[in-house]
Amino acid sequence: MKGRHPALVWVGAGLVGIALLALPFALAQAGTAWVRITNFAILYVLLALGLNIVVGFAGLLDLGYIAFYALGAYVYALLASPHFGLHLPFWLILPIGALVACLFGVLLGAPTLKLRGDYLAIVTLGFGEIIRIFLNNLSQPVNITNGPQGVSRIDPFRFGGFDFGKSETLFGLAFSGPVKYYYFLLAMMMAVIFVTVRLQDSRIGRAWEAVREDETAARAMGINTTNIKLLAFAMGASFGGLAGGMFAAIQGFISPESFVLVESIMVVSMVVLGGMGNVWGVILGAVLLSFAPEVLRYTVEPVQKSIFGKSLIEPEVIRMLLFGLAMVLIMRFRPAGLLPSAVRKRELAERKG
Amino acid sequence: MSLLLEASGVSRRFGGVQALTGVSFSISRGEIYGLIGPNGAGKTTLFNLLTGIYLPDEGSFGFDGHPLSRLKPHQVAEAGIARTFQNIRLFANLSALENVMIGRHVRTRAGVLGAVLRDSATRREEAAIERRALELLEYVGIAARANEAAGGLPYGDQRRLEIARALATDPKLLALDEPAAGMNASETLALRKLLERIRADGTTILLIEHDMKLVMGVCDRVLVLDYGERIAEGPPGEVQKDPRVIEAYLGVPAAA
């Protein structure tokens, strides 16, 4: 299919681009809350794309991925808030956060290189919890993270006089804070998609596939599996760190509670539901799973009220119910995900037969 | 003819089993060197020691004038030894072409930056990788199946694909672990022609094989292992007549 209708593809990409550019204004009609929700959805897309490098490309199951998000967020929060009285510019801290996360990615990767499958999953799960518990307890004896209270009044992005936290009118259009962040996130997402797609179709991407398929054979073909796995951890972690920094700025407040195990599982679910290894599937998975709870929040209560006259089941309960059901259905009917990668499709078809 | 590979006194024990005991041999450039012996004689162990999957307890390998014994598998491949596996280990879900392209990894450079920026050097390299991979598929005779999943190919083609993938690393020594296993007579004949062509094109071959007709027909010299020890070495005609070899394969004659 690749390149069969290049003109059509460009027209399609153009239409999607216009839709994405116009989206925040359409959403703003329904309320600024929806723009914020979209921003968080994009953050999840970034996380899912990062994790996809580790899980989807290199085949290393990481259940503690949210730790890198936490690291990025805390680096941003500590360097741009009244907590330490530091207010470094965002364009400096975001890369620092990504770098710190990358470093921890390698630190996690190095001792776990010999582990595969379930065992790797257990260690990474532990790593995720260790980071969260550290953040929770690093308020004594020296107060670094402010413990469970978290860090508040985090600086928004500022570029000269341009403040992402304030509303502004440009060209007769009202740009609220969330709308500004939306465009920034959109640009970041495009960059990350670009990097991921190009990596997949390269010498490095093929080496990851080789490692996932058969590590012994990959080694015998001259692939330094140690380095290539560490590279996957490092790349995935830096995307997580980058997303974390933006999360801190948008939210203005972070605490260890934002980085619990369920969040890691959520990101893994996005990757699995969408289609491990397929960039577009992973994006779809992230968008679906991050919007679904919000849509339910706005529909479940009114629907129940209109049918029963009162709210019987809380939206949160329904959310987990539907989420569980969706996962079971996916595993049963589309085990390779909604938009599976060609390779995964083959792999799972083979196992079935 | 100069020496390409030299093994001296290689031993390896697994728990209570002495898999190899002081095995020495040498392979000259341009040879097809056979390695035979009954099941469990230590042939595959020798392969795994040579390619860095296990470390020898004693002894060492010299390859192309350098010691080899403490190298990791990927460094062995870089040094110029490529192998195939007894129980085919292709990247089964990838296409035949991708399998061979992965073989080019060790001879190419592009890193993350090149992959993302796709500068002209990287684009040239990618094009060269694909061109060479297609050439090699053509060379082993399965170019028509370039885009099929490796795991779905007929058995004989999978063996050929493994050889193409190994050749993609530009080896000086191609080590084949039972390439004819499971092949019928005509496939084996085609394999023999392929091996002779590879040798003629300048690659030395180390061949483990159970198909005696193939071994005796194609090898210049043969090393016979039994219970981890070297019991004979020489041209196939001589080795065939060696009483110790006959004994190893057929047992001790009852009334001798």
Side-chain angles (χ1 to χ4, degrees), chain A residues 1-2 53 57 59 102 113 191-232 234-236 238-239 276-277 336 340-351 353, chain B residues 47-48 51-53 72-85 88-95 97-118 122-123 125-126 129 133 147-152 162 165-166 168-171 175 177:
Chain A
M1 294 287 271
K2 207 162 42 172
I53 292 183
F57 292 175
C102 171
L113 282 170
V192 168
I193 292 174
F194 180 79
V195 168
T196 318
V197 167
R198 287 215 151 170
L199 270 178
Q200 185 172 23
D201 183 21
S202 75
R203 173 173 174 267
I204 302 291
R206 280 194 301 273
W208 280 333
E209 276 184 309
V211 167
R212 200 193 60 219
E213 288 272 318
D214 187 331
E215 219 179 309
T216 306
R219 247 185 249 133
M221 288 304 111
I223 294 173
N224 184 339
T225 53
T226 307
N227 289 356
I228 210 79
K229 282 165 134 188
L230 283 181
L231 182 65
M235 297 282 312
S238 17
F239 287 171
M276 256 189 279
S341 74
V343 170
R344 293 278 170 175
K345 222 176 182 172
R346 275 179 203 153
E347 197 174 310
L348 287 153
E350 203 172 89
R351 271 184 208 160
Chain B
F47 251 49
N48 287 337
T51 53
I53 292 181
K72 299 209 166 83
H74 73 266
Q75 295 168 317
V76 172
E78 201 173 342
I81 300 181
R83 69 171 294 178
T84 65
F85 294 87
I88 302 176
R89 296 191 87 133
L90 287 167
F91 307 118
N93 300 302
L94 306 183
S95 71
L97 181 66
E98 283 170 305
N99 267 273
V100 185
M101 286 173 81
I102 287 168
R104 291 301 295 161
H105 183 92
V106 71
R107 301 292 168 223
T108 45
R109 319 249 100 238
V112 172
L113 219 57
V116 173
L117 299 178
R118 281 206 192 148
T122 308
R123 282 201 307 270
E125 186 180 277
E126 275 292 299
I129 290 172
N147 294 316
E148 290 179 35
E162 252 203 331
R165 186 180 67 175
T169 65
D170 291 344
D177 198 346

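So you know, we letter chains A, B, ... as the sequences are listed, proteins then strands, and number each from 1. What you see is a predicted model; the values in this text were computed from it and never measured.
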Inset, instruction - Search all heavy atoms of B:V116 against all heavy atoms of A:F194 and return the closest pair with its distance. - result: O-CE2, 3.7 Å
Legend entry - B:Q75 versus chain A, the contacting section by heavy-atom distance below 4.5 Å: neither
Inset, instruction - Sort B:A149 into side chain, backbone, both or neither according to what part of it lies under 4.5 angstrom from a heavy atom of chain A. - result: both
Inset, instruction - Using non-hydrogen atoms and a 4.5 Å limit, figure out which bit of B:R165 sits close to chain A: side chain, backbone, both or neither. - result: both
Inset, instruction - With a 4.5 Å cut-off on heavy-atom pairs, point out which of B:T122, B:V112, B:L90, B:I129 contacts chain A the most. - result: B:V112
Legend entry - Exercise: identify the closest heavy-atom pair between A:W208 and A:M235: CH2-CG, 4.3 Å
Legend entry - Reported CZ-to-CZ distance for the pair A:R206 and B:R104, which is rounded to 0.5 angstrom: 11.0 Å
Legend entry - Reported CE-to-CD distance for the pair A:M221 and B:E78, which is rounded to 0.5 angstrom: 13.5 Å
Inset, instruction - Provide the closest heavy-atom pair for A:R198 versus B:A115 in the form atom of the first, atom of the second, distance. - result: CB-O, 3.4 Å
Inset, instruction - Check each atom of B:F91 against the heavy atoms of chain A and say whether the ones under 4.5 Å are side chain, backbone, both or neither. - result: both
Legend entry - Which atom of B:A92 lies closest to which atom of A:E213, heavy atoms considered: N-OE1, 3.1 Å
Legend entry - Max heavy-atom pair count under 4.5 Å with chain A, selected residue of B:A79, B:A110, B:A166, B:G114: B:A110
Inset, instruction - Among B:T169, B:V76, B:I102, single out the residue with the greatest number of heavy-atom pairs under 4.5 Å to chain A. - result: B:I102
Legend entry - Greatest number of heavy atom pairs closer than 4.5 Å to chain B - which of A:T196, A:I223, A:L199: A:I223
Inset, instruction - Look up atom CD1 in B:I88 and atom CG in B:D177, then write down how far apart they are to the nearest 0.5 Å. - result: 11.0 Å
Inset, instruction - Determine the option with the most heavy-atom pairs under 4.5 angstrom with chain A, choosing from B:E98, B:R89, B:H105. - result: B:H105
Inset, instruction - Output yes when a side-chain donor or acceptor of A:D214 lies under 3.5 Å from a complementary backbone atom of A:A210, and no otherwise. - result: no
Inset, instruction - Side chain from CB out, backbone as N, CA, C, O: work out which of these in A:T216 comes under 4.5 Å of a heavy atom of chain B, or both, or neither. - result: both
Inset, instruction - For each of A:Q200, A:E209, A:R203, tally heavy-atom pairs with chain B at distances under 4.5 Å, and name the one with the top tally. - result: A:R203
